[in-house]
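Remarks on the structure that follows.
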Amino acid sequence: MTLATQTHGTAKAFLAAGAFWFLAGTVFGLIAAIHLVAPEFFNNVPFLVFGRTRPVHVNTVIFGFTASTLIGCAYYYVPALLRTPLWSERLGWVSWFSWNLTVLSGFFTFPFGFTQGREYAEYLWIFDVSLVVAMLAMIVNFTMTVATRIENVLYVSVWYALGACLWSAANYPIGNVMWHPLTGALPGLLDSVFLWFYGHNLVGMLLTPLSIAVVYYVVPRVARTPLYSHTLSLIGFWTLVSMYAHIGGHHILQAPIPNWLKTISVVDSVAMIVPVFTVLVNVWLTARGHGARLWRDPAARFIMAGTAWYLVTCIQGPLQSLPSIQKVTHFTNWTIGHAHIAVLGFSGMIALGGLWHILPLVTGRPLHSPRLVNLQFALLTFGLAGFFAVLTAAGLIQGEAWHNGETVYRVLPEIAVYMALRAMFGVSILAASAIGLYVAIMSLRPAPGSVPATSCGTSLHPAPNSVPATSCGGTPKSSCTATVPDQEAAP
Amino acid sequence: MKMTPALAMVGSLLVFWASVLVAIILPAITMTETPSTAWRPWTSAETAGHDLYVKNGCSYCHSLYVRVSDWDLGADRIAERGDYAGQNPAILGTERTGPDLSQDGGEHPDDWHWAHFTNPRYTRPLSLMPSWEFLGWPAVSNLTAYVQSLGSRDADYRVARQQRWKAPAVRAYAGGPDVNVDWLHAQVPAGWLAMPNPYPATEAALQRGQKIYEGFCLNCHGPVGDGQGVAEKYLSPPPLNFTTLKRHLAQGRYVGGLFYYQIMNGITGTAMPYFKHELESEKIWDVSNFMAVRFLGYTDAGTAPRGIEAAYEPAWSNAFQSLAPKGVRP
Ligand code: HEM
Ligand code: HEM
């Protein structure tokens, strides 16, 4: 069994990469945050200048940390839920290489001034191609796994994983205007319509469905109970794709785009309450009565916290889509606060929950240290709650002051203290990411003197209809030792 | 409803592509790109500057459209769709860590931008913008050309005005301090010259004025008001050395109204910006008093003609008047 064909090899590789990019991307977040406190801290160091480090941060945490980790989870639960091995680990590795090549490219292009410059679409064309190759490889792999499945029923997590790949494989080339390799852009204002269709769907049609899929996978397993409602799952899925996909206009609501586009963006942003609440109700009613079990499980704790941040994000989201509110919040740190609770609080927390839940399943050994995972949770929650508070406060100060006629320059001193606090809370998040990487490495390291792990969570563990529950991950501390029934010998 | 692979995949693709049709294809077909009346094409230096703008992530801190509700830079021209015709890419931006730049052309003369790009704190002491000195020449010059083109024809009008006033300002400066000051004051409307600062220069007011001075003026006019701030070597004419004013107080006496007018209106053609967007009335009077007392040792605060006393005025007598510089008759 070589590396390229090892069972769960792709899943492990994506999870490991995700843990690594979390640290790497967050370091650049801190560099950017330091600039906003002390702009001459890295004065005239070209590759550390704010305009060049910020895209490294943003792209790495989105594509590298959250997306990689969530994809790693999908590489595990899709085959597991279909009770069949992944169709091709080799193809999985192809997707791993090309995906991570793109993420890596950010570190060697943006700091040196090579970028396409459009937010979230900065990667150079050749690396756009690489990312799309990865997505196509995932589509083929997952589709073929579905085609060769043993379990007849498709569990809701599988719908979301398939959907995320199919949607993003179209969304990414459209938003990156890949048919214009040199600029990756269209001339004129139309470009912004394309960009924000894409930017919005990057989080909405990639991170959101992949995150929800992990929630649907982990919560019933840890709670050891069937999913509350299949109907709610259906409503949540179909309303997500029908409402989320076309509301990107709310990012450029106050720009001179056509009014009808603004109208549908606002109306369906508010309608987003439907997919959000159906999912949350479904998950929380599943969890009802099992709170203690979920809370004591380090992985499920992340997941449940992620759903709470999802609620906050998606109360905030529709509100800030309303013109009367966005008039004040747009262009301010309020949006930065929203972005962090969304990408880190919702997607990131859930990705980490998935990571800690699935790592024991793919290695066959308990996590290196559930206590460190709990520490990571505490540090992240502290840092993120702080972020949310100070960025929202700073945003309101900026927005109200501008609205009142003060210039941007005048308001800079007013937000200085919040920028400093943000950097401080950032240290807490950075520590959390370092701890996470350490635990991930230690958990993935081949145990000294043991045979390669195949004992737990093999591809054929039971996944009955809406209960992907095994005893794995259900015990306190998520120590998924050799307690999984239906163990299968190494292939 | 049972989710079969076909339903999940084909169905979700259909719904997604319906959204693409509405939100992407429809706008692509219907959004017209007729250039607005202000629009004009870019020169090659401006295109190069725009390229630098894109590559260096200026767009993460600056937006490129003005909204109806804005007050700051460019608020006199709301963005129109046709302003962006042919711009590739037109990055609108989502953050305003710095001000909107879509109408920045002609707000300042080129030398202000050179100092500012070298180190933004030279002209704006509290700025959070990175220094772009490392980009070197001609990058800074191209960036300046680009920024000066923002606003297109409207910007061209403003840039031409900067250039029109630059020549006499430079000539006056070359004529020596006295000629320069005489020229400067000759441009100030008479009503302002004859107006003393109506507000008392109390200790608290002077401290407020100092805060404004340090946040807005310091690195040009310098800590002691001698015009030797760090920005000085980039600017032509250089920032005014206020100590030379001692010999030239307007009409031998007044300084408050003169300062107020110059600070509010700026001196077009020179790096001296206008502060009417940034500083409200009280702040301008306070900083005027501060500069007068600290750099000239004299203020006309509270002297006649002064009208009805302001309700809040404390009992205050002008001890700085007797310190009037030589040649000034109080
Ligand atoms: C109910 C759902 C949501 C709605 C209606 C919504 C709405 C919005 C709006 C209106 C903005 C633009 C704010 C502005 O620029 O003034 C925004 C920004 C953003 N949202 Fe959401 N949001 C939702 C959920 C999410 C989720 C689930 C994520 C991530 C997983 C997310 C990530 C972001 C990010 C990263 C930005 C910043 C974009 C930028 O300006 O760079 N949002 N959202
Ligand atoms: C050390 C911790 C972190 C710090 C100090 C930090 C700081 C920053 C800063 C300074 C910005 C630019 C804001 C601006 O333009 O004004 C930013 C943007 C962003 N960060 Fe972070 N960040 C951290 C961690 C994270 C993590 C872990 C994630 C996601 C998992 C994340 C997601 C984002 C996103 C999506 C944006 C773009 C926001 C937007 O454009 O609206 N950050 N961050």
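Lettering of chains follows the sequences in order, A, B, ..., and the numbering in each one begins at 1. The shown structure was predicted, so the numbers you read here are calculated from the model rather than taken from an experiment.
Here the closest non-hydrogen pair linking A:H403 and B:W71 is O-NE1, 3.2 Å. Considering all non-hydrogen atoms of both residues, B:S131 and A:N43 come closest at OG-OD1, 2.7 Å. A:G117 approaches B:S59 most closely through the heavy-atom pair O-OG, 3.9 Å. What you find for B:E33 and A:P187 is that their closest heavy atoms are OE1-O, 3.8 Å.
Side-chain contact between B:L26 and A:W260 is present, with heavy atoms from C-beta onward closer than 4.5 Å. Put simply, the side chain of B:P27 reaches to within 4.5 Å of the side chain of A:L261, judged on heavy atoms. When side chains are defined from C-beta on, B:M129 does not count as touching A:P39, because their heavy atoms never get closer than 4.5 Å. By the 4.5 Å heavy-atom criterion applied to side chains, B:W132 and A:V49 are counted as neighbours. Between B:N56 and A:R52 the shortest side-chain heavy-atom distance falls below 4.5 Å. Contact annotation: the side chain of B:F16 approaches that of A:N201 to within less than 4.5 Å [non-hydrogen atoms, C-beta and beyond]. Side-chain atoms of B:P130 and A:F42, non-hydrogen and from C-beta on, never get closer than 4.5 Å to each other.
Considering only heavy-atom pairs separated by less than 4.5 Å from chain B, the leading option among A:G184, A:G163, A:S192 is A:S192. Counting heavy-atom pairs closer than 4.5 Å to chain A, the top residue among B:C58, B:A85, B:G98, B:P120 is B:G98. Most heavy-atom pairs under 4.5 Å with chain B: of the set A:S233, A:G188, A:C165, A:P55, this distinction falls to A:G188. Highest contact tally toward chain B, considering only A:I139, A:I336, A:I264, A:I252, is held by A:I336 [criterion: heavy-atom pairs under 4.5 Å]. In terms of non-hydrogen atom pairs under 4.5 Å with chain B, the most contact-rich of A:H180, A:M419, A:R118 is A:R118. Options A:V58, A:T231, A:L186 differ in how many heavy-atom pairs under 4.5 Å they form with chain B, and the most are formed by A:L186. Listed options A:Q116, A:E119, A:M205 were ranked by heavy-atom pairs under 4.5 angstrom with chain B; first place goes to A:E119.
Of the atoms belonging to A:L166, heavy atoms from both backbone and side chain fall under 4.5 Å from chain B. Proximity to chain A (any heavy atom under 4.5 Å) is shown, for B:L64, by neither the backbone nor the side chain. Of the atoms belonging to A:D191, it is side-chain heavy atoms, and not backbone ones, that fall under 4.5 Å from chain B. Heavy-atom distances place the side chain of B:C61, and not its backbone, under 4.5 Å from chain A. Interface residue A:L189: backbone and side-chain heavy atoms are both found under 4.5 Å from chain B. Heavy atoms of B:T97 lying under 4.5 Å from chain A belong to its backbone as well as its side chain. Proximity to chain B (any heavy atom under 4.5 Å) is shown, for A:L240, by neither the backbone nor the side chain. Proximity to chain B (any heavy atom under 4.5 Å) is restricted, for A:F237, to the side chain, taken from C-beta onward. Only the side chain of A:Q398 comes within less than 4.5 Å of a heavy atom of chain B; its backbone N, CA, C and O stay farther away. Contacts between B:M31 and chain A at a heavy-atom distance below 4.5 Å involve the side chain alone, from C-beta outward. Both the backbone and the side chain of B:P125 come within contact range of chain A, with heavy atoms under 4.5 Å apart. At a 4.5 Å heavy-atom cutoff, the contact between A:L412 and chain B is made by side-chain atoms alone. For B:R124, the parts lying under 4.5 angstrom from a heavy atom of chain A are both the backbone and the side chain. Both the backbone and the side chain of B:T94 come within contact range of chain A, judged by heavy atoms closer than 4.5 Å. With a threshold of 4.5 angstrom between heavy atoms, A:L162 approaches chain B through side-chain atoms but not through N, CA, C or O. With a threshold of 4.5 angstrom between heavy atoms, A:V193 approaches chain B through its backbone and through its side chain. Neither the backbone nor the side chain of A:L195 comes within contact range of chain B; no heavy atoms are under 4.5 Å apart. Both the backbone and the side chain of A:V241 come within less than 4.5 Å of a heavy atom of chain B. For a residue to count as touching a neighbouring chain, one of its non-hydrogen atoms must lie under 4.5 Å from one of that chain's; by this rule A:M243 does not touch chain B. Using a 4.5 Å cut-off between heavy atoms, A:P413 contacts chain B through its side chain alone, with no backbone atom that close. If you measure heavy-atom distances from A:N171 to chain B, the contacts under 4.5 Å come from both the backbone and the side chain.
Atoms CG and OG1, on B:D70 and A:T407 in that order, are 12.0 Å from each other to the nearest 0.5 Å. Atoms CG and OG1, from A:N152 and B:T4 in turn, are 10.0 Å apart once rounded to the nearest 0.5 Å. Rounding to the nearest 0.5 Å places CZ of A:F194 at 4.5 Å from CD1 of B:I24. To the nearest 0.5 Å, atom OG of residue B:S69 and atom NE2 of residue A:H330 are 10.0 Å apart. In this structure, CD in A:E406 is found 10.5 Å from CG in B:L279, a value given to the nearest 0.5 Å. Atom OG of B:S12 sits about 5.5 Å away from atom CH2 of A:W238, to the nearest 0.5 Å.
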- Task: Kindly indicate, with the supporting measurements, whether the criterion side-chain contact (heavy atoms from CB on, under 4.5 Å) is fulfilled by B:M3 and A:Y155.
- Result: CA-CA 8 Å; B:M3 281 289 253; A:Y155 182 63; over 6 Å; no
- Message: B:Y65 vs A:F331, test: ring-ring contact (aromatic ring centres under 6.0 Å, His included). Steps then yes/no.
- Response: CA-CA 11 Å; B:Y65 63 103; A:F331 288 137; 5.4 Å; yes
- Are B:N119 and A:E40 close enough, and set up right, to give a side chain to side chain donor-acceptor pair (under 3.5 Å), and what steps lead you there? CA-CA 9 Å; B:N119 185 333; A:E40 303 208 358; 2.9 Å; yes
- Message: Using the rule given for side-chain contact (heavy atoms from CB on, under 4.5 Å), can you reason through A:F197 versus B:V20, listing the C-alpha separation, both sets of side-chain angles and the distance that settles it, and then say yes or no?
- Response: CA-CA 9 Å; A:F197 170 84; B:V20 174; 3.7 Å; yes
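Formation of a donor-acceptor pair under 3.5 Å by the B:D72 side chain with backbone atoms of A:V408 is found in this model. Although no hydrogens or angles enter the test, the distance criterion places a donor-acceptor pair under 3.5 Å between the side chain of B:R81 and the main chain of A:P256. Side-chain atoms of A:R410 come within 3.5 Å of backbone N or O of B:E278 as a donor-acceptor pair.
In summary, the aromatic rings of A:Y409 and B:F275 are positioned with their centroids too far apart to meet the 6.0 Å limit.
Residue A:F114 qualifies as open at atom CZ: its count of foreign heavy atoms under 6.0 Å is 12 or below.
The existence of a salt bridge linking B:E95 and A:R54 is excluded, since no basic side-chain nitrogen approaches an acidic carboxylate oxygen closer than 4.0 Å.
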